[in-house]
There are 2 protein chains.
Amino acid sequence: MFELIDANVAKHISLTPSELDLFHSMLHLKKLKKKQFLLQGGEVCHFSGFITKGCIKNYILDDKGHEFIMYFAVEDWWVGDISSFFEQKPGTLFIETIEDTELLMLDYHNSEKLFKEIPKFERHFRILIQRSMSTLQQRFFQTLAKPAEERYLEFLKKYPNVAQRVPQQLIASYIGVTPEFLSKVRHKLVKKV
Amino acid sequence: MFELIDANVAKHISLTPSELDLFHSMLHLKKLKKKQFLLQGGEVCHFSGFITKGCIKNYILDDKGHEFIMYFAVEDWWVGDISSFFEQKPGTLFIETIEDTELLMLDYHNSEKLFKEIPKFERHFRILIQRSMSTLQQRFFQTLAKPAEERYLEFLKKYPNVAQRVPQQLIASYIGVTPEFLSKVRHKLVKKV
DNA sequence: GTAAAAAATTAATCTAGATTAAGAAAATCA
DNA sequence: TGATTTTCTTAATCTAGATTAATTTTTTAC
């Protein structure tokens, strides 16, 4: 149950057996069916979730109800609304399962305790957030600077496994175009080859 | 010299006088004239800089040499290429002064030492990065979901002081349009009132 | 196995914003 | 101070991608 998350943490910090036990004791398993919400806009995010099985989408809705996907997450990813979680204020993100999903949940209270008792975790999460930050920066730049076709190919290259698990309309949302336009782009790509 | 940076750090962690001395000893002052580079794409970022005076732009160039501004920074802001800094690998960001600027520089070596000797700093920077992350997330969403006019007004509201210090073409780049189009937007806004 | 729902495609029309080019205004500098 | 550089504006033309709407294909669920 904890193999994946232990390996995840071990990438940046090393823990003693007793620290590991303490960490495990703070987690609880959550199982969700497909199309269920982990979090909805307007709510306070009380958890950081580590996916051990399944796939979710993390998105924002605009006034007209259009989804804008911030990211997909599969096994070995942490999910949550970072700013809502750390400030414990209502956020704007929706988190919804795309497949039946299992997560190890770390709630806010426990995360504060964790940082206090094992400050090394501060480092682990700093590094994770840092990575997300530079990924988002690159993506933001590409969305402004590169045409949809290039962004689509980039997505396939970067997340080949995700690309096979989520419907195309969600990929369209992720790269920032309508499903109709992505369809056109794909058509053009097929002809090219 | 250290008032501003001490207040900045005190927002999230409290330091003893000796910790503060250690911190100060790791910083050095850097003065730059207008239009000078702190960092160029392709270089490794060896510093985190805290601005005590002046203004910089942080941007990426595309293939055609167009600037895409990631953010402006003025007094009381930290600047750097986060991913290049923490991974000590070549990055893509350019950092260039827009005004004569003074910064307190913390180099990579010292920052590692700082985290080791005063782990509380790990927390301070985690919180800063977290904030940048959620700001960037909001901005990314708005750039996809909202029209240029709204983004421009949002910028003026959020950074009124910056708006008065930087030329309009840079604001155009920040909100993700050409200077010509921003000019048009502004013209339309004037007529509206 | 079939009906219903969800996803993907195609095509016509439309538009926000880009591009190109030129001139006007403002800031800088010797 | 005037000359030069930088910034801003205006206008004509163009295009990537949106919108709308209809049709087909695939998936889901009973």
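Here the structure is a predicted model, which is why all the values come from computation and not from measurement. Convention: sequence-line order gives letters A, B, ...; per-chain numbering from 1.
- Under the 30°/60° scheme for interplanar angles, the aromatic rings of A:Y159 and A:F155 are found to be tilted.
- Using cut-offs of 30° and 60° on the angle between ring planes, the pair A:F141 and B:F68 is perpendicular.
- Within the structure, a side-chain polar atom (N or O) of B:R186 is placed less than 4.0 Å from OP1 or OP2 of D:dT9.
- Against DNA chain D, the stretch residues 159-181 of chain A makes heavy-atom approaches under 4.0 Å through A:G176, A:V177, A:T178, A:E180, A:F181.
- As rounded to whole Å, 15 Å separates atom P of D:dT6 from atom CD1 of B:I98.
- Under a 4.0 Å N-O distance rule, the pair A:K57/A:E67 qualifies as a salt bridge.
- Counting 5' to 3', DNA chain C first comes under 4.0 angstrom of a heavy atom of chain A and last does so at the ends given by C:dA7 to C:dT10.
- Look at A:E99 and A:K34 and you find no salt bridge, because none of the NZ, NE, NH1 or NH2 atoms lies under 4.0 Å from a carboxylate O.
- Note on A:K34: only backbone sugar-phosphate atoms sit closer than 4.0 angstrom, heavy atoms only; bases stay farther off.
- Look at A:D76 and A:K11 and you find a salt bridge, because one of the NZ, NE, NH1 or NH2 atoms lies within 4.0 Å of a carboxylate O, short of that distance.
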- A:F85/A:F47 under ring-ring contact (aromatic ring centres under 6.0 Å, His included): CA gap, chis, key distance, verdict: CA-CA 7 Å; A:F85 180 74; A:F47 65 91; 7.5 Å; no
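- Using cut-offs of 30° and 60° on the angle between ring planes, the pair A:Y59 and A:F94 is parallel.
- Mapped onto DNA chain C by nearest heavy atom, B:V185 and A:L182 fall at different nucleotides, with A:L182 at the one closer to the 5' end.
- Between A:A148 and A:V177 the shortest heavy-atom distance is CB-CG1, 3.7 Å.
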